[in-house]
Amino acid sequence: MSNTSPIRFSFFGSSRFSVLILDELERAGILPISVITTPDKPQGRHLTLTPTLVKSWAVQRNIPVHDPEILDSSFAEKIATEQAQVFVVASYGKIIPASIINIPPRKTLNIHPSLLPIFRGASPLQSAILHDTKDTGITLMRIDEKMDHGPIVAQEKIHVAEWPTYDVLEKEMAEKGAQLLIRTLPQWINGSISEQEQDHVAATFTKKIVKEDGLVDLTGNAYSNFLKIQAFHTWPQAYFFHEHAGKKIRVKITEASYSHSVLHITRVIPEGSKEISYEDFQRGYSLLS
RNA sequence: CGCGGGGUAGAGCAACGGUAGCUCGUCAGGCUCAUAACCUGAAGAUUGUCGGUUCGAUUCCGGCCCCCGCAA
């Protein structure tokens with residue numbers, strides 16, 4: 001990579017989406033000077049304190065990591081000494097106060113996987129799937145004080161032919177997002193690109209997904225169920241309840257397909273068991289007549 | 001020590017203190033124009049692992065390994 005004047009930027013992110021973007025940037029030979037992520041949290045079956053994916057990623061590459069609990073003035077001072085030209089945010093998980101987004105001379109950009117002002121908020125990708133919005137895209141915007149409200153710097157439309165599972169869509173969007181950033185960042189830094197106010201009237205908002213959203217009614221609409229299964233593939237996963245041996249168990253649907261108005265479930269994880277094929281599930285859990 | 005479920009023939013499940021049964025699959029034969037359908041028969045399990053209790057454990061107890069659900 002012949003990068004004569006590398007851009008100094010810090011990266012804010014915490015989730016898998018963030019890491020996918022970092023991966024793509026790295027492939028282009030672009031690395032942040034530091035990474036800011038959320039603090040380690042108890043995770044997994046034994047509630048062991050686990051760092052975010054982004055923290056692990058940065059540690060492996062010897063990139064300085066900050067994981068402040070609160071983004072207060074002392075953190076602002078610390079981060080200011082790093083002299084970044086711009087901050088880049090992707091799925092950070094916390095609201096970043098104005099006192100911090102305005103630190104770098106070229107402010108703070110956010111990669112958001114939807115065509116803003118559509119699908120502002122916490123779950124743009126899941127919402128696109130659930131609403132069957134196949135003409136979607138990614139937006140590079142400058143962060144202001146309100147959630148996903150700032151002016152648009154660049155946008156790329158993406159058409160989805162058929163809905164993949166969430167993780168696949170996420171990866172695609174992250175890669176496209178990173179590429180958009182790579183193309184746009186130099187112009188943004190030298191000021192040759194102008195930002196565009198969002199059409200706030202047209203804005204729609206997405207909610208944070210909760211566990212209960214994953215419950216599906218298998219007697220309901222096959223296509224909506226399919227969309228749910230795809231959208232919630234990573235978390236919380238679409239599930240239904242089944243009575244077995246006098247106990248009510250939760251059964252997660254991990255794989256399904258849809259064709260000719262029919263939903264075909266192919267893989268499930270019954271509670272307390274491992275992942276099995278739906279046929280095995282029907283046999284083993286006395287569902288077959 | 002966050003809570004809980006589970007590890008039994010290739011797969012999914014059942015049972016029981018006295019060497020284990022069902023469905024599917026597999027193999028052989030039959031039926032059929034034919035078939036993933038049907039009929040008959042067969043093969044296939046040291047019941048996760050180590051130790052303990054017992055006349056005897058797969059079934060009871062304890063340690064270990066592995067898997068999963070909740071929670072986060």
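Chain letters run A, B, ... following the sequence lines, proteins first, then strands; residues in each count from 1. Just so you know, these numbers use all the heavy atoms, side chains as well, and skip hydrogens, waters and symmetry mates.
- Residues A/Thr234 and A/Gln237 come closest through the heavy atom pair O-CG, 4.0 Å.
- Using P as the reference atom, B/C55 and B/C50 are 23 Å apart when rounded to the nearest Å.
- Partners of A/Glu69 under the salt bridge (charged side-chain N to carboxylate O under 4.0 Å, His left out) rule, at least two apart in sequence or in another chain, are A/Lys94.
- Between the CZ atom of A/Arg250 and the P atom of B/G4 there is a distance of 17 Å, given to the nearest Å.
- Across residues 41-49 of chain A, A/Pro42, A/Gln43, A/Gly44, A/Arg45, A/His46, A/Leu47 each have a non-hydrogen atom less than 4.0 Å from an atom of RNA chain B (numbered order).
- Across B/G2 and B/U49, the matching P atoms stand 28 Å from one another, rounded to whole Å.
- Every residue was checked against the salt bridge (charged side-chain N to carboxylate O under 4.0 Å, His left out) condition with A/Asp148, not counting sequence neighbours, and none meets it.
- Taking A/Glu82 as the reference, nothing meets the salt bridge (charged side-chain N to carboxylate O under 4.0 Å, His left out) condition, with sequence neighbours excluded.
- Through direct or indirect side-chain contacts shorter than 4.5 Å among Ile, Leu, Val, Met, Phe, Trp and Tyr, A/Leu130 is connected to A/Ile209, A/Phe232, A/Trp235.
- With a cut-off of 3.5 Å on both pairing distances, the Watson-Crick or G-U wobble partner of B/C64 is B/G48.
- Ionic pairing of A/Glu156 and A/Lys176 is not present here: no N-O contact between side-chain nitrogen and carboxylate oxygen is shorter than 4.0 angstrom.
- B/C16 sits 14 Å from B/G56 when the C1' atoms are compared, rounded to a whole Å.
- Each ring pair (Phe, Tyr, Trp, His ring centres under 6.0 Å) pair with one or both residues in residues 138-178 of chain A, not counting sequence neighbours, appears once here: A/His149-A/His200.
- Distance A/Glu212 CD to B/C70 C1': 12 Å, rounded to the nearest Å.
- Considering only side-chain N and O atoms, A/Lys252 lies under 4.0 angstrom from the phosphate OP1 or OP2 of B/C70.
- A 3.5 Å limit on both hydrogen-bonding distances identifies no Watson-Crick or G-U partner for B/A72.
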Any N/O pairs under 3.5 Å between the protein and nucleotides 5-9 of chain B? List them or say none.
unit_1	atom_1	unit_2	atom_2	d
B/G5	N2	A/Gly272	O	2.9
B/G5	N3	A/Gly272	O	3.4

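- With sequence neighbours excluded, the residues forming a side chain to side chain donor-acceptor pair (under 3.5 Å) with A/Gln179 are A/Glu24, listed by chain and number.
- Taking the C1' atom of each, B/C38 and B/C24 are spaced 16 Å apart, rounded to whole Å.
- If you take atom P in B/A14 and the same atom in B/G5, they sit 14 Å apart, rounded to whole Å.
- Annotation for A/Phe119: hydrophobic cluster partners, listed by chain and number, are A/Ile118 (ILVMFWY side-chain heavy atoms under 4.5 Å, direct or chained).
- Taking the C1' atom of each, B/C67 and B/G29 are spaced 41 Å apart, rounded to whole Å.
- Rounded to the nearest Å, the gap between the C1' atom of B/G12 and that of B/C68 is 15 Å.
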